[in-house]
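The sequence lines fix the lettering, A, B, ..., with proteins before strands; numbering per chain opens at 1.
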There are 2 protein chains.
Amino acid sequence: MTPPTDDLDAVPPGAGLRERKKAARRLALIDASHRLVAEHGLDAVTVEMICAEVGVSPRTFFNYFATKDDAVLGHRPWSLPEKTAAAFVAGGPSGVLLDDLVDLVVGLVAAPPPGSARMRRTLELAAAHPRLMAHHIAWMDRQKEQVERLVRERLGPAAAHRPDTVTALLLVCVHATLMRWDAAGGEGHVREHATAVVAELRALITA
Amino acid sequence: MTPPTDDLDAVPPGAGLRERKKAARRLALIDASHRLVAEHGLDAVTVEMICAEVGVSPRTFFNYFATKDDAVLGHRPWSLPEKTAAAFVAGGPSGVLLDDLVDLVVGLVAAPPPGSARMRRTLELAAAHPRLMAHHIAWMDRQKEQVERLVRERLGPAAAHRPDTVTALLLVCVHATLMRWDAAGGEGHVREHATAVVAELRALITA
DNA sequence: CCGCAACTTGCATTGACTGCAACTTTGCAT
DNA sequence: ATGCAAAGTTGCAGTCAATGCAAGTTGCGG
């Protein structure tokens with residue numbers, strides 16, 4: 001059914017067969033859902049269809065994703081590179097909180113390459129379907145914890161700012177950056193967009 | 001079944017019987033869902049239960065709310081007072097964009113009294129159930145359009161800032177304000193919290 | 001009191017999602 | 001290789017949210 005675009009071993013760097021198969025299936029499911037949604041529209045696509053396309057039982061589908069929408073969005077836990085995280089906690093590349101947030105954003109957004117093409121498709125779908133955007137935002141919010149821990153560590157106990165506010169701001173940056181990146185047709189490095197966003201916020205707030 | 005806490009006519013200011021009944025039912029459904037969720041937990045509560053509690057058909061339930069979660073959240077389209085909106089578009093109370101955002105926030109949050117008690121219950125539930133928080137955020141995002149129009153009008157064609165960025169910032173403010181208000185146990189005027197949030201953002205960005 | 005429009009309701013249906021128990025595959029050690 | 005345990009897959013049966021449709025009810029204006 002599925003043209004094996006992703007060869008089993010084409011997917012992950014190292015690790016056992018089990019891992020690879022799993023990752024491959026996961027991507028296959030995501031891609032299949034994208035294809036089908038593009039063709040039939042989000043609501044017309046059923047889990048069954050996606051499974052048929054990939055050749056997997058519907059029951060299995062839910063071993064991979066909690067919901068249909070999660071598959072379309074291809075969500076997986078965020079994880080930003082150790083190095084970036086450590087640097088940020090230690091006082092960040094620049095020492096200026098806001099600027100360092102940019103690096104965090106870049107780390108979060110640009111880091112994991114489940115393929116940036118895939119990511120663009122995801123963003124486009126999200127932009128088209130409010131429900132998906134909803135899920136997307138909600139998911140970002142869930143990742144907040146993780147980020148907030150970093151912020152907390154960096155600020156230390158004698159925090160001049162409330163960590164949750166900082167985090168909230170960070171999430172806006174991420175979101176705005178992604179939207180710009182998408183609006184720009186996926187052109188340019190994420191960093192440029194992130195920088196632009198922060199610059200604009202600065203201008204806006206000091207106005 | 002339901003102790004008629006809200007008398008029919010206790011609910012809305014004017015208008016015909018039809019309207020009043022509708023509003024009353026709406027609130028009854030919301031309250032019933034709150035009661036049931038508090039007792040059994042979100043996932044254990046079915047639409048049927050809620051309906052039984054209020055004495056309406058399940059089918060009717062969906063004439064009032066698109067989803068079960070919407071009922072719990074008691075969402076209805078935002079509408080900020082004409083006056084506030086007009087003032088903002090005209091250049092806002094203070095003329096400083098960021099400060100005027102505060103007023104917008106207050107207008108949005110404090111304006112509609114479906115009862116602030118009800119609102120607190122809602123926020124608490126949202127805080128407890130990630131899925132609800134997701135819906136809540138998603139819903140806020142959907143209202144964005146409305147707000148963004150205002151921002152666009154105020155900024156005019158020669159916009160110094162991208163409206164969507166401003167709006168994004170506004171939404172963070174709303175969210176942060178609500179969270180603080182809730183964290184404070186519903187104490188104090190919304191405006192105080194909103195002001196605090198903005199002040200902090202300022203400090204944070206100019207640091 | 002009549003008739004329209006607004007609502008409500010039951011019925012039937014689809015499709016997401018879950019728990020369970022059996023079955024298959026992979027990883028690993030002998 | 002061979003065998004075993006853990007990891008993963010699948011079918012089945014069931015619950016529940018959500019929707020379209022076609023008939024009832026009911027508030028409202030004349």
What's the closest nucleotide to the side chain of [X] if the choices are [options]?
X     : options               : result
B/R18 : D/dT26, D/dG8, C/dT8  : D/dT26
A/K22 : C/dT25, D/dG8, D/dT10 : D/dG8
A/S57 : D/dT10, C/dT8, C/dT26 : D/dT10

Could you tell me whether B/R121 and B/D182 have a side-chain N and a carboxylate O separated by less than 4.0 Å? no
Check for a donor-acceptor pair, side chain of B/R191 on one end and backbone N or O of B/V106 on the other, with a separation under 3.5 Å. no
Check the distance between [N]'s [atom2] and [X]'s [atom1] and give it to me in whole angstrom.
X      : N      : atom1 : atom2 : result
B/H135 : D/dA18 : NE2   : C1'   : 13 Å
B/D69  : D/dA18 : CG    : P     : 7 Å
A/E19  : D/dA6  : CD    : C1'   : 13 Å
A/R131 : C/dG15 : CZ    : P     : 13 Å
B/R20  : D/dT26 : CZ    : P     : 17 Å
A/R26  : D/dG8  : CZ    : P     : 13 Å
A/D43  : C/dG15 : CG    : P     : 11 Å
B/F62  : C/dT14 : CZ    : P     : 18 Å

Go nucleotide by nucleotide along DNA chain C from the 5' end; which of A/A44 and A/P58 gets its closest nucleotide reached first? A/A44
Plane angle bin for B/H136 and B/H175 - parallel if under 30°, tilted between 30 and 60°, otherwise perpendicular: tilted
Taking any heavy-atom pair under 4.0 Å as a contact, classify A/F61: base, sugar-phosphate, or nothing. nothing
Examine [N]: is either OP1 or OP2 under 4.0 Å from a nitrogen or oxygen in the side chain of [X]? Give yes or no.
X     : N      : result
A/K21 : C/dT26 : yes
B/N63 : C/dT8  : yes
A/Y64 : D/dG8  : no

As an exercise, state the distance from OG of A/S57 to CZ of A/F62, rounded to the nearest 0.5 Å. 10.0 Å
Is there a donor on the side chain of A/R59 or the base of D/dG8 sitting less than 3.5 Å from an acceptor on the other? no
5'-most contact on DNA chain D (nearest-nucleotide basis), B/T46 vs A/T60, goes to A/T60
Side chains of A/H129 and A/D43, heavy atoms from C-beta outward: is any pair under 4.5 Å? no
